[in-house]
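Just so it is clear, the model here is predicted, and its values are computed rather than measured. In what follows, every chain begins at residue 1, and chains take the letters A, B, ... in the order their sequences are listed.
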Amino acid sequence: MSLNAQPVLTILALVPCGKVVSYGQLADLAGLPGKARWVGQVLQRQDTTQLPWHRVVASDGRLSLAKGSEGWQEQRQRLQAEGIILRGDRVPMAQYRWQPDLAALLMLMEY
DNA sequence: GTGATGACAACCC
DNA sequence: AGGGTTGCCATCA
């Protein structure tokens, strides 16, 4: 049986504007520790047009798309549009990493 | 079953 | 900072 991407998509939808999460962090929050790469596959396959897909970056703050590619540029632009200031080609994770608050955690327990 | 692939991550020079 | 290595794991050919 293949894994269910729903939890990942559900949690991604909770990431607030101006904040980002890493693939591994998203996997952890979805109750799938160690499946960071799989999260990447999900974002690539699913229709993310209604989700904040651009708020998912690598653990070191880089955008996991070919540097200079179309998608890379769009993600970069979207992040900046939310007030995120990139340093070089990276997002300063210490400053912008999303830390779910109590309210968010309670929401996660609902589904 | 097996090997290759990738929108990952943690190390180690 | 930049580059290479290793571990990881679902998919797919």
Side-chain angles (χ1 to χ4, degrees):
Chain A
M1 158 183 168
S2 61
L3 294 178
N4 184 8
Q6 199 52 56
V8 173
L9 304 178
T10 301
I11 293 174
L12 172 55
L14 299 178
V15 182
C17 178
K19 287 292 179 180
V20 298
V21 281
S22 71
Y23 294 84
Q25 189 185 353
L26 192 49
D28 289 344
L29 292 171
L32 300 168
K35 294 182 170 52
R37 304 191 73 152
W38 181 73
V39 168
Q41 293 181 53
V42 170
L43 296 192
Q44 187 170 52
R45 297 183 174 93
Q46 305 290 312
D47 176 14
T48 58
T49 53
Q50 312 295 31
L51 294 168
W53 59 272
H54 57 284
R55 299 188 187 133
V56 187
V57 301
S59 63
D60 62 2
R62 286 178 307 185
L63 313 190
S64 295
L65 287 86
K67 183 176 179 180
S69 69
E70 192 175 329
W72 180 86
Q73 290 189 21
E74 176 169 2
Q75 181 171 19
R76 200 185 153 86
Q77 179 187 324
R78 288 193 179 211
L79 292 174
Q80 291 182 133
E82 299 186 347
I84 293 178
I85 301 173
L86 286 77
R87 207 165 80 191
D89 58 0
R90 297 196 294 168
V91 173
M93 296 304 278
Q95 180 178 0
Y96 298 109
R97 181 188 292 279
W98 177 46
Q99 318 260 293
D101 55 25
L102 180 56
L105 289 176
L106 289 175
M107 290 177 75
L108 299 184
M109 297 176 71
E110 292 299 322
Y111 75 87

- When you check the phosphate oxygens OP1 and OP2 of C:dC9, does a side-chain N or O of A:K35 lie under 4.0 Å from one of them?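 No, A:K35 has no side-chain N/O under 4.0 Å of OP1/OP2 on C:dC9.
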[X] [atom1] to [N] [atom2], straight-line distance once rounded to whole Å:
{"X": "A:R45", "N": "B:dG6", "atom1": "CZ", "atom2": "C1'", "result": "9 Å"}
{"X": "A:D60", "N": "B:dC11", "atom1": "CG", "atom2": "P", "result": "13 Å"}
{"X": "A:E70", "N": "B:dA7", "atom1": "CD", "atom2": "C1'", "result": "15 Å"}
{"X": "A:Q44", "N": "B:dC8", "atom1": "CD", "atom2": "C1'", "result": "13 Å"}
{"X": "A:W38", "N": "B:dT5", "atom1": "CH2", "atom2": "C1'", "result": "17 Å"}
{"X": "A:K67", "N": "C:dG2", "atom1": "NZ", "atom2": "P", "result": "8 Å"}
{"X": "A:Q41", "N": "B:dA4", "atom1": "CD", "atom2": "P", "result": "17 Å"}

- Item | Shared hydrophobic cluster, A:V42 / A:V21 (ILVMFWY, side-chain heavy atoms < 4.5 Å) |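 Linked within one cluster.
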- Task: Pick base, sugar-phosphate or nothing for A:W72, based on heavy-atom distances below 4.0 Å to the nucleic acid.
- Result: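 Nothing, no nucleic acid heavy atom in range.
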- Query: Which part of the nucleic acid, if any, lies within contact of A:R62, taking any heavy atom under 4.0 Å across all strands shown: a base, the sugar-phosphate backbone alone, or nothing?
  - Reply: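 Nothing, no nucleic acid heavy atom in range.
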- Query: Hey, is the main chain of A:G68 close enough, under 3.5 Å, to the side chain of A:Q73 for a donor-acceptor pair?
  - Reply: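 Side chain of A:Q73 to backbone of A:G68, a donor-acceptor pair under 3.5 Å: yes, one is there.
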- Under 3.5 Å, is there a donor-acceptor pair between the side chain of A:S22 and the main chain of A:Q25?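 Yes; judged by distance alone, with no hydrogens or angles, the pair exists.
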Taking the side chain of [X] as its heavy atoms from C-beta onward, which of [options] lies nearest to it?
{"X": "A:R37", "options": "B:dA9, B:dA7, C:dC8", "value": "C:dC8"}
{"X": "A:S59", "options": "C:dA10, B:dA9, B:dA7", "value": "B:dA9"}
{"X": "A:R90", "options": "C:dT11, B:dA7, C:dA1", "value": "C:dA1"}
{"X": "A:L3", "options": "B:dA9, C:dT11, B:dA7", "value": "C:dT11"}

- Message: I'd like to know if A:E74 pairs up with A:R78 as an ion pair, taking the criterion as any Lys NZ or Arg NE/NH1/NH2 lying under 4.0 Å from an Asp or Glu carboxylate oxygen.
- Response: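 A salt bridge is present here (some side-chain N lies under 4.0 Å from a carboxylate O).
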